[in-house]
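For reference, the structure is listed below as structure tokens.
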Amino acid sequence: MNKLPARISRIEEAQNLHIVHFEGENYSLKMMGLELPKNVHVGSNVILGVKPSHVAIAKNLSGELSYSNQIYATVHRIEEGTLLCNVELHVGSSVMQSLMTMASCKRMRLQVGDEVVLLMKASEVFITEVLDV
């Protein structure tokens, strides 16, 4: 699982729905959720999680997307399997992974050193740990 340190910068609430805004080292993220842990508030330091299978990679991205979370990253390592490919990426000092089909990896011609954009829906990001309790 991918883990990213962040600080909560804003919380929006309507009925039972929450949109939580985070600031990280070189990124801003949003999370959409129904319930928040009781000890979460603006200013809290947290660790965010997102599954590697929920991290899409865009190369040469242009145009508008509905993805709330777009993070610039550098391809560090590519592990090719028969059907799947695991791509290790550097986001500042953090390391993330994206799991995709080998067909997608080959079609995109991904290589170590490529500058890419990671795409994650706000509904796929979650808080794994609250650091200030």
Side-chain angles (χ1 to χ4, degrees):
M1 177 184 359
N2 292 307
K3 294 184 178 184
L4 289 168
R7 183 179 190 88
I8 298 176
S9 59
R10 191 168 108 210
I11 299 174
E12 298 176 77
E13 183 179 357
Q15 297 168 347
N16 288 334
L17 180 65
H18 298 85
I19 304 291
V20 184
H21 300 252
F22 304 93
E23 296 297 326
E25 183 180 1
N26 292 317
Y27 50 86
S28 297
L29 295 172
K30 292 180 186 175
M31 176 189 87
M32 178 175 61
L34 295 176
E35 292 185 25
L36 295 178
K38 294 185 187 296
N39 56 345
V40 166
H41 54 81
V42 172
S44 292
N45 290 300
V46 298
I47 301 295
L48 300 175
V50 62
K51 294 179 181 179
S53 57
H54 293 162
V55 177
I57 295 177
K59 186 174 173 181
N60 304 319
L61 178 65
S62 65
E64 294 293 323
L65 297 173
S66 64
Y67 280 84
S68 297
N69 300 312
Q70 301 177 25
I71 301 176
Y72 292 94
T74 304
V75 175
H76 181 69
R77 187 173 65 178
I78 301 172
E79 295 176 28
E80 296 182 355
T82 304
L83 297 175
L84 298 177
C85 177
N86 185 50
V87 182
E88 185 178 292
L89 305 123
H90 285 185
V91 177
S93 61
S94 297
V95 176
M96 292 193 62
Q97 293 182 354
S98 176
L99 184 63
M100 67 178 72
T101 64
M102 275 303 301
S104 291
C105 190
K106 287 181 180 182
R107 178 179 41 78
M108 293 176 67
R109 294 185 178 104
L110 280 180
Q111 297 179 348
V112 171
D114 282 350
E115 297 292 326
V116 296
V117 179
L118 305 183
L119 305 168
M120 297 162 282
K121 289 184 171 186
S123 59
E124 301 297 346
V125 175
F126 53 92
I127 297 172
T128 64
E129 185 179 354
V130 179
L131 300 175
D132 336 297
V133 180

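Since the structure is predicted, the reported quantities are computational estimates derived from the model, not experimental observations.
Here the CD-SG distance, from Glu79 to Cys105, works out to 11.0 Å after rounding to the nearest 0.5 Å. With values rounded to the nearest 0.5 angstrom, Asn86 atom CG is found 11.5 Å from Met102 atom CE. Lys30 contributes atom NZ, which lies 13.0 Å from atom OG of Ser123 (distance to the nearest 0.5 angstrom). With rounding to the nearest 0.5 angstrom, the NZ atom of Lys59 is 13.0 Å from the CG atom of Leu61. Between the OG atom of Ser53 and the CG atom of Leu99 there is a distance of 6.5 Å, given to the nearest 0.5 Å. From Phe126, atom CZ reaches atom CG of Leu36 across 14.5 Å, with rounding to the nearest 0.5 Å.
Under the side chain to side chain donor-acceptor pair (under 3.5 Å) rule, Thr74 has a single partner from Glu88, Glu115, His90, which is Glu115. Among Gln70, Lys51, Met96, His54, the one residue that satisfies the side chain to side chain contact (heavy atoms under 4.5 Å, CB included) test with Met120 is Met96.
No path of Ile, Leu, Val, Met, Phe, Trp and Tyr side chains, each step under 4.5 Å between heavy atoms, connects Val117 with Met100, placing them in separate hydrophobic clusters. A continuous path of ILVMFWY side-chain contacts below 4.5 Å connects Val116 to Tyr27, so both sit in one hydrophobic cluster. Hydrophobic cluster membership is shared by Val50 and Val130, with clusters built from Ile, Leu, Val, Met, Phe, Trp and Tyr side chains linked at under 4.5 angstrom. A single hydrophobic cluster is seen to contain both Ile11 and Leu4, as judged by linkage of ILVMFWY side chains at heavy-atom distances under 4.5 Å, directly or through other members. Residues Tyr67 and Met108 do not share a hydrophobic cluster, clusters being chains of Ile/Leu/Val/Met/Phe/Trp/Tyr side chains in contact below 4.5 Å.
Heavy-atom neighbours of Lys3 NZ from other residues, nucleotides or ligands within 6.0 Å: at or below the threshold of 12.
You'll find the side chain of Glu129 reaches within 4.5 Å of the side chain of Leu131, heavy atoms only. You'll find the side chain of Asn16 stays beyond 4.5 Å of the side chain of Glu35, heavy atoms only. The side-chain heavy atoms of Ile57 and Leu89, taken from C-beta on, include a pair separated by under 4.5 Å.
In this structure, Gln15 and Glu13 approach most closely via the heavy-atom pair O-OE2, 3.6 Å. Closest approach of Cys85 and Ile78 over heavy atoms only: SG-CG2, 3.4 Å. Closest non-hydrogen pair, Thr128 versus Met1, comes out as CG2-SD, 3.9 Å. When every heavy atom of Gly92 is checked against every heavy atom of Asn26, the shortest pair comes out as CA-ND2, 3.7 Å. Contact record, Asn69 with Leu29: OD1-CA, 3.1 Å, taken as the closest heavy-atom pair. Annotation for Gln111 and Asp114: closest pair N-OD2, 2.9 Å, computed over non-hydrogen atoms.
Scanning for ring-ring contact (aromatic ring centres under 6.0 Å, His included) contacts around His18 gives an empty result, with sequence neighbours left out.
A donor and an acceptor atom, one from each side chain of Ser93 and Glu25, are located under 3.5 Å apart.
Taking Ile, Leu, Val, Met, Phe, Trp and Tyr as hydrophobic and joining them when side-chain heavy atoms fall under 4.5 Å apart, one finds Ile19 in a cluster with Leu17, Met32, Leu34.
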Which atom pairs, one a donor and one an acceptor, fall under 3.5 Å between side chains of residues 40-49 and the rest of the protein, sequence neighbours left out?
{"unit_1": "His41", "atom_1": "NE2", "unit_2": "Ser44", "atom_2": "OG", "d": "3.4"}
{"unit_1": "Ser44", "atom_1": "OG", "unit_2": "His41", "atom_2": "N", "d": "3.1"}
{"unit_1": "Ser44", "atom_1": "OG", "unit_2": "His41", "atom_2": "O", "d": "2.9"}
{"unit_1": "Asn45", "atom_1": "OD1", "unit_2": "Arg7", "atom_2": "NH1", "d": "3.1"}
{"unit_1": "Asn45", "atom_1": "ND2", "unit_2": "Asp132", "atom_2": "OD1", "d": "3.2"}

